[in-house]
Asker: 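Below is the structure I would like to discuss, written out as structure tokens.
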Amino acid sequence: MNDLVTASRPVAAHAAGPRHRSSARVSVAASVTPIERVRDAVTTFVGCLGILTVAWLVASAVWGLGIIVFMTGSMSPTLPTGAAAITRTVDAADLAVGDVVTVRRPGNGAQVTHRIVGIAPVAGDPRARSLTLRGDANDSVDLRPYVVTSAPRVLVGAPVAGSVITAAKTPAAMLGGSSLIAAVIAWALWPTSTRASSDSADPRPIHPSR
């Protein structure tokens, strides 16, 4: 009789072990503080921004994407001052009247983003096109046509976005952003009482003695 009772004790202790560990995990999960939830949310947000940045860099390299900021109102009201647009570089043969493209002015090389109102072939260069452009807010076409073999074509634009991009590129904003990212990373790696409790709440399994 004594041998039977002694042999059953390790089995009972072993059966109680998983229930104890499960209740400990529930207790640890319930003890997560609001500040830790905020930290997890901020860390996730910064991580998503990082993923989007890498995805944009890859897309811009593979598909020739770019971003332009409108510094004047010549394309108002569609793309007013402070707007931004995503562009994709295409061959001149793929351009059509009505497209909004970015070109360089002959002579000074200033960047111009206007709408195509006329296209003509270029003698001696089948790849080139002569573009006649006009800003949506302008009463007349640009003084001279632009001869291009390729050009960035606007895919989509948004008001105000350019002002945000311009502000983000200032030295103060870049320094502040870098400091904020470093602080978030350090905050995410900083040990907490919840993690310590989680590590200590999983005891070693109890093995029956022989």
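These values consider heavy atoms only, across backbone and side chains, with no hydrogens, waters or symmetry-generated copies.
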Asker: For the residue pair T102 / T113, report whether a side-chain donor-acceptor contact shorter than 3.5 Å exists.
Answerer: yes
Asker: Do V90 and L133 belong together in a cluster built from hydrophobic side chains that touch within less than 4.5 Å?
Answerer: yes
Asker: Do D142 and V112 pass the side chain to side chain contact (heavy atoms under 4.5 Å, CB included) test, and can you show the C-alpha distance, the side-chain angles, and the key distance before you say yes or no?
Answerer: CA-CA 10 Å; D142 295 358; V112 178; 4.0 Å; yes
Asker: Between V156 and I67, is there a shared hydrophobic cluster once you connect ILVMFWY residues whose side-chain heavy atoms come closer than 4.5 Å?
Answerer: yes
Asker: Any side-chain heavy-atom pair from S130 and Y146 closer than 4.5 angstrom?
Answerer: no
Asker: Please answer whether the main-chain N or O of D94 pairs with a side-chain N or O of R153 as donor and acceptor at a distance below 3.5 Å.
Answerer: yes
Asker: Near L143 CG, under 6.0 Å, is it more than 12 heavy atoms from other residues, nucleotides or ligands?
Answerer: no
Asker: So, R88 side chain and P152 main chain: donor-acceptor pair closer than 3.5 Å or not?
Answerer: no
Asker: Atom OG1 in T78, atom CG in D136: separation rounded to 0.5 Å?
Answerer: 5.0 Å
Asker: Does the side chain to side chain contact (heavy atoms under 4.5 Å, CB included) test come out yes or no for V141 and H114, once each step is laid out?
Answerer: CA-CA 10 Å; V141 300; H114 283 168; over 6 Å; no
Asker: Where the side chain of D91 meets the backbone of A93, is there a donor-acceptor pair that is under 3.5 Å apart?
Answerer: no
Asker: List the atom of A151, the atom of V101, and the distance in Å for their closest heavy-atom pair.
Answerer: CB-CB, 4.4 Å
Asker: Tell me whether L175 shares a hydrophobic cluster with I165, the cluster being built from Ile, Leu, Val, Met, Phe, Trp, Tyr side chains joined at under 4.5 Å.
Answerer: no
Asker: Would a single hydrophobic cluster contain both V97 and L131, if residues Ile, Leu, Val, Met, Phe, Trp and Tyr are joined by side-chain heavy-atom contacts under 4.5 Å?
Answerer: yes
Asker: Does this structure show an ion pair linking D99 with R115, if we count only N-O contacts that are shorter than 4.0 Å?
Answerer: no
Asker: Could you walk me through whether L65 and W56 pass the side chain to side chain contact (heavy atoms under 4.5 Å, CB included) test, one step at a time?
Answerer: CA-CA 9 Å; L65 302 180; W56 167 255; 3.7 Å; yes
Asker: Consider side-chain contact (heavy atoms from CB on, under 4.5 Å). Of V117, I116, D139, which one does R134 pass it with?
Answerer: V117
Asker: Hey, any chance V103 and I119 share a hydrophobic cluster, counting ILVMFWY side chains that come within less than 4.5 Å of each other, even indirectly?
Answerer: yes
Asker: Between P80 and S76, which heavy-atom pair has the shortest distance, and what is it?
Answerer: CA-OG, 3.3 Å
Asker: Determine the sole option in V154, V100, L79 for which the side-chain contact (heavy atoms from CB on, under 4.5 Å) test with I68 is passed.
Answerer: V154
Asker: How far apart are the closest heavy atoms of F70 and A85, and which atoms are they?
Answerer: CE1-CB, 3.8 Å
Asker: Would you give the length of the straight line joining atom CZ of R129 to atom OG of S150, rounded to the nearest 0.5 angstrom?
Answerer: 12.0 Å
Asker: Just by distance, do the side chain of R104 and the backbone of G109 share a donor-acceptor pair under 3.5 Å?
Answerer: yes
Asker: Which atom pair, heavy atoms only, marks the closest approach of A92 to V148?
Answerer: CB-O, 3.5 Å
